[in-house]
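Quick note: numbers below take in every heavy atom, side chains included, and nothing from hydrogens, waters or symmetry partners. In what follows, chains carry the letters A, B, and so on, assigned in the order in which the sequence lines appear, proteins first and then strands, with residues in each chain numbered from 1.
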Amino acid sequence: MNVKSLIAERIELAIYSVTGQHSSADIQLSTKSEHGDYQANGIMRIAKALKIKPRELAEQVIAQTEYGDIVESLVVAGPGFINIELKNSFFSELLEKGNLIKKREKTKTVVIDYSSPNLAKEMHVGHLRSTIIGDAIARILDCLGYNVIRQNHVGDWGTQFGMLIENMEHENFSSENLADLETFYRSSKKKFDEDPEFAQQARARVVSLQSGDQLTRNQWLRFINISLSHCREIYERLGVSLSDEDLAPESSYNALLPTVIEALNKRGLLEESEGAQCVFLEEFTSSEGDRQPLIVRKSDGGYLYATTDLAAILHRENLGADRIIYITDARQKLHFKQVFAVAKQAGFAKKIEQMNHFSTGAMLASNGRPFKTREGGTIRLSDLLNEAEQRALNLLKSKGSELTETEQNDLAKAIGIGAVKYADLSKNRNSDYIFDWDNMLALNGNTAPYMQYAYARIQSIFRQAEVQPDSLSGKINPVAQSERALCKELIRFQEVLDQVAAEGFPHYLCVYLYNLSSLFSKFYEELTILDADKEKQASRLLICERTGSVLKLGLSLLGITVLERM
RNA sequence: GCACCUGUAGCUCAGUUGGAUUAGAGCACCGGUCUACGAAACCGGGGGCCGUAGGUUCGAAUCCUACCAGGUGCGCCA
C-alpha cells in the first residue's frame, strides 16, 4: 500500500471541499521528527493562488479531512504546513497483515530495453550499468504488476561482423577454438585498420551477409552463438533476468527498414541532403537556423542505427506497449531525443503514452579517468567479476569465518557480485561514478554487505528463538521510539517502489533499504527481543520478520541475494 | 560554434521535484559501548560560503540569467 498516496487522497479531498479545486497537497515525508511523520506542503501554494491566508486554509482543510483510521493528529505549523502524525494502530495493522505491496489492477505494458551489448566482442565494464540498472527497473515493474517485456537489442549486424567472419576464414578459426573473443576481435580490427585489401573483403562480406548468402550466414550464426554464450554466462553470474526470449537483435529489424523509410517519405518527413536521406525537425533547429539532421539512409543506400531504432519503435507499438524505456549510456541522449521526436511525427508511436530514455553516466577509475586496463584497453566483465569474488573471499578469510571452504566460496560469490551491483545501483544513474573496491566491499555504510549482514542477523534471531519466521503472526505494538521508527519505514516500501517505477532511479530503493537496515540496527541495539516479556517478544519478532522480508524482496528486486549467515 | 550533463565535508556519495533558525550519510580522524538475541554493530565529536556572482519569493543546494571548471555529443560508426 502506498501510504503517501493514501494520505494525499484524503487531504486533497478536503482541499476540494474547501476550495472547490483539485490541487496537489504535496505530501512529503517529514524531515524532522518534531514535524510529525508526513507533512503537507501544498497549502501555501494553493492559498497564494487564491489570495487567502495559508494558515486559515490549513485550518479549514484539517477540519474537513476524514482521518480517524490512519492519522493521529493534523496540526498547522509554521507559515502553513500541515504536520501529519500517523496512528500507531494504522501501521501495526498494516504490518500484521503483511502484504506491503499491492499490484496494479489495470495493468499496462512496458517494453524495457537494456544491456544490449555488441556481439562482436565480449561484454566489458561499459555494459555493466545498463545491464544492472535496467534489470532492477524491469524487476520492480514486474513486482508492481506491470506487463513487462524485456528487449535485449544486441548488436549483431554491420561492418564489424563482415570483418570478423572474413577473419575467421583467413585464420581458419572454428567455433571450438574461438574461446577468446576479445583477442580475436582485436586482431581482426587491427588487420581491418592496417590491411586495405582485407578491409575491402570484409566490406564485401557485409554485403553477402545482408543479401543472405548461405555460407556467410552460417559462419555469422556460428559466431553469434559463441558470443551469445559468453553473454549468457555473464548474465548467469550477475543474476540478470535476461533470457534468450528477450533477444531482439539488430538484424531482426532488417526487413522492416525499407518500410520505415517509405513511411517517413509518405509523411513528407524525408529530405535529401548531401546525398543522404534525412529527417529535419523544427525542434532541432538552432536559433541561427542550423538544422540538425537525423540521417536514416546513407548516400550509398545503407541504413543506420537511427533507422533500426525507428523500426524498433514500430515493433514496440505492435507489441502493445503503453510505455517504452531505454537504458543506455548518456552519450546517446541526443540520438534518442531525435528518434522519439521523429517516431512521434511519423505516427510510429500512436498508442505509446510514454517514451523514456533513462541514461547512465560513465564508470571511472579512482583517478577520475575512464576505467581501463593498464594498457588502455577495455576491462572484460568476466575479469571484473572474478576479481570481485576473489576480493570478497579474501575479506571473509581475514574475518576468520567459521564456515567451510565451499560455504565460503559460495558466500564470496554472493558478496562480491552483490557489492559490484549495489555500488552501481546505489548511485544516481545520471552521474559518472568512481569505481572503488574498498568502498563497495565495506561492511559499513550504504553497501551490499551491510544489508546482507543486517539480514543475516535477523535470521540468527529466528534460529536462536527456534521459530519459523513465516509462521509468525499476532499483534504488533511499537512502544519504543526505535521500533516505531522502524515500523514507519517498513510501510514506505511501496511508496519507494512506485517512485522508482515512475522515474527510473533504483538508487531510491537503495537509500531506502540502507535506511531500513540502519533503523533495524538501532532497534536491535536498543531493545531486547528474546528476553522481553511474551507480548513484546511476539511483537518484536514479527517486526524482525517484516524487516527481513522487505530486505529480502528489496534486495532481490535489485538482483542481489541475501544470506542466511555470513 | 551550438547543445546536453556534472560541480555539495579531505575522499566516495545522498538530498524525494521550492520547504521548517542547525544541508545529511559512509570512509578517514578523535573518543566511548561486548562475562555477547552476530562488535561485520551501535553511540558521541570535530569537519561545509552547496563552483562564483546576481535575480525570482513568505522560503533556494534545488528555479532563472551570466560567468568559471570538468565531461560528453553534434551528416553518412553503433
Worksheet item: Relative to the ring of H127(A), is the ring of H124(A) parallel (under 30°), tilted (30 to 60°) or perpendicular (over 60°)?
Response: tilted
Discussion item. Taking the basic N atoms (NZ, or NE/NH1/NH2) and the acidic carboxylate oxygens, is any pair closer than 4.0 Å for E525(A) and K522(A)?
Written reply: no
Worksheet entry | Residues E182(A) and K121(A) bridged, charged N to O under 4.0 Å | no
Fill in: Donor-acceptor pair under 3.5 Å, D438(A) side chain vs rA28(B) base
no
Practice prompt. Send over the distance from L443(A) CG to rA25(B) P, rounded to a whole Å.
Written response: 20 Å
Worksheet item: Atom OH of Y512(A) to atom C1' of rC13(B): distance rounded to whole Å?
Response: 21 Å
Worksheet entry | Protein proximity profile, nucleotides 71-78 of chain B - base contact B, sugar-phosphate-only contact S, no contact -, cut-off 4.0 Å on heavy atoms | -SSSBBSB
Worksheet item: Can you tell me how far P in rA39(B) sits from the matching atom in rU33(B), rounded to whole Å?
Response: 16 Å
Item to complete: For rG19(B), take OP1 and OP2 only and decide whether either is under 4.0 Å from a side-chain N or O of H35(A).
Response: no
Worksheet, complete the sentence: Between CG of L441(A) and P of rA40(B) the distance, given in whole Å, is 17 Å
Worksheet, complete the sentence: For rA14(B), the nucleotide meeting Watson-Crick or G-U wobble distances (both under 3.5 Å) is none
Worksheet item: Considering Watson-Crick and G-U wobble pairs with both distances under 3.5 Å, what does rA39(B) pair with?
Response: none
Worksheet item: Using 30° and 60° as the class limits, which term best fits the ring planes of W157(A) and W220(A): parallel, tilted or perpendicular?
Response: perpendicular
Discussion item. Give me the distance, rounded to whole Å, that separates rU65(B) from rU56(B) when you measure between the C1' atoms they each carry.
Written reply: 11 Å
Practice prompt. Using whole Å, report how far CG of L530(A) lies from P of rC37(B).
Written response: 9 Å
Item to complete: Go ahead and name the base partner of rG7(B); Watson-Crick or wobble counts if both distances stay under 3.5 Å, otherwise write none.
Response: rC68(B)
Worksheet item: How are the rings of Y512(A) and F493(A) set relative to one another: parallel (under 30°), tilted (30 to 60°) or perpendicular (over 60°)?
Response: parallel
Worksheet entry | 4.5 Å side-chain heavy-atom contact, Y422(A) and I560(A) | yes
Discussion item. Could you tell me how far apart R565(A) (CZ) and rA40(B) (C1') are, to the nearest whole angstrom?
Written reply: 16 Å
Worksheet item: Could R540(A) and E545(A) be called an ion pair, given the rule that one side-chain N must be under 4.0 Å from one carboxylate O?
Response: no
Worksheet entry | Partner nucleotide, any strand, of rA28(B) [Watson-Crick/G-U, under 3.5 Å] | none
Item to complete: Salt-bridge test for K421(A) and D424(A): reply yes if a basic N is under 4.0 Å from a carboxylate O, no otherwise.
Response: no
Discussion item. With the six-membered base ring of rU12(B) as reference, does the ring of Y433(A) sit under 5.5 Å away with planes under 30° apart?
Written reply: no
Item to complete: Among rU16(B), rU12(B), rC5(B), find the nucleotide with the atom closest to the side chain of K333(A).
Response: rC5(B)
Discussion item. OP1 or OP2 of rG38(B) versus the side-chain N and O atoms of Y524(A): is any pair under 4.0 Å?
Written reply: yes
Response to the item:
Contacts of D290(A) and T31(A) projected onto RNA chain B by closest heavy atom; the upstream (5') one is D290(A)
Practice prompt. Take atom C1' in rA25(B) and the same atom in rC67(B), then report the distance between them in whole Å.
Written response: 32 Å
Discussion item. Using atom C1' in both nucleotides, what's the gap between rU52(B) and rA69(B) to the nearest angstrom?
Written reply: 11 Å
Worksheet item: Of the nucleotides rA20(B), rC42(B), rC37(B), which has the atom closest to the K522(A) side chain?
Response: rC42(B)
Worksheet item: On a whole-Å scale, what distance lies between the C1' atoms belonging to rA53(B) and rA14(B)?
Response: 27 Å
Item to complete: Searching all strands shown, indicate the nucleotide that pairs with rG46(B) (Watson-Crick or G-U wobble; both distances under 3.5 Å).
Response: none
Worksheet item: Rounded to whole angstroms, how far apart are CD on Q499(A) and C1' on rA14(B)?
Response: 13 Å
Worksheet entry | Closest to the S521(A) side chain, choosing from rA20(B), rG38(B), rA41(B) | rA41(B)
Worksheet item: Taking the C1' atom of each, how far is rU6(B) from rC13(B), in whole Å?
Response: 14 Å
Worksheet item: What's the closest nucleotide to the N439(A) side chain, out of rA41(B), rU12(B), rA20(B)?
Response: rU12(B)
Fill in: NZ or CZ of R429(A) within 45° of F505(A) ring axis and under 6.0 Å
yes
Item to complete: Write down the partner of rC74(B) under the Watson-Crick or G-U wobble criteria, each distance required to be under 3.5 Å.
Response: rG1(B)
Worksheet entry | Whole-Å P distance, rG26(B) and rC43(B) | 8 Å
Discussion item. Could you tell me if the side chain of I491(A) sits less than 4.5 Å from the side chain of L86(A), heavy atoms only?
Written reply: yes
Discussion item. Considering every strand and a 4.0 Å limit on heavy-atom distances, what is the contact class for A456(A): base, sugar-phosphate, or nothing?
Written reply: base
Fill in: Short side-chain N/O contact to rA20(B) OP1/OP2 from Q39(A), under 4.0 Å
no
Fill in: Geometric class of the Y514(A)/Y450(A) ring pair [parallel <30°, tilted 30-60°, perpendicular >60°]
perpendicular
Fill in: Length of the CD-P vector between Q452(A) and rG38(B), whole Å
18 Å
Fill in: Under 4.0 angstrom between N444(A) side-chain N/O and rC42(B) OP1 or OP2
yes
Worksheet item: With sugar-phosphate meaning primed atoms plus P, OP1 and OP2, does I529(A) contact a base, only sugar-phosphate, or nothing at under 4.0 Å between heavy atoms?
Response: base
Discussion item. Please name the nucleotide paired to rA61(B) by Watson-Crick or G-U wobble geometry with both distances under 3.5 Å, or report none.
Written reply: none
Worksheet item: Nearest-Å distance, CZ (F520(A)) to P (rC37(B))?
Response: 12 Å
Worksheet entry | Between rG1(B) and rG15(B) - C1' atom distance, rounded Å | 36 Å
Fill in: Aromatic-base stack, F81(A) on rA20(B), cutoff 5.5 Å, angle under 30
yes
Worksheet item: Reckon Y422(A) has a side-chain N or O less than 4.0 Å from the OP1 or OP2 of rG26(B)?
Response: no
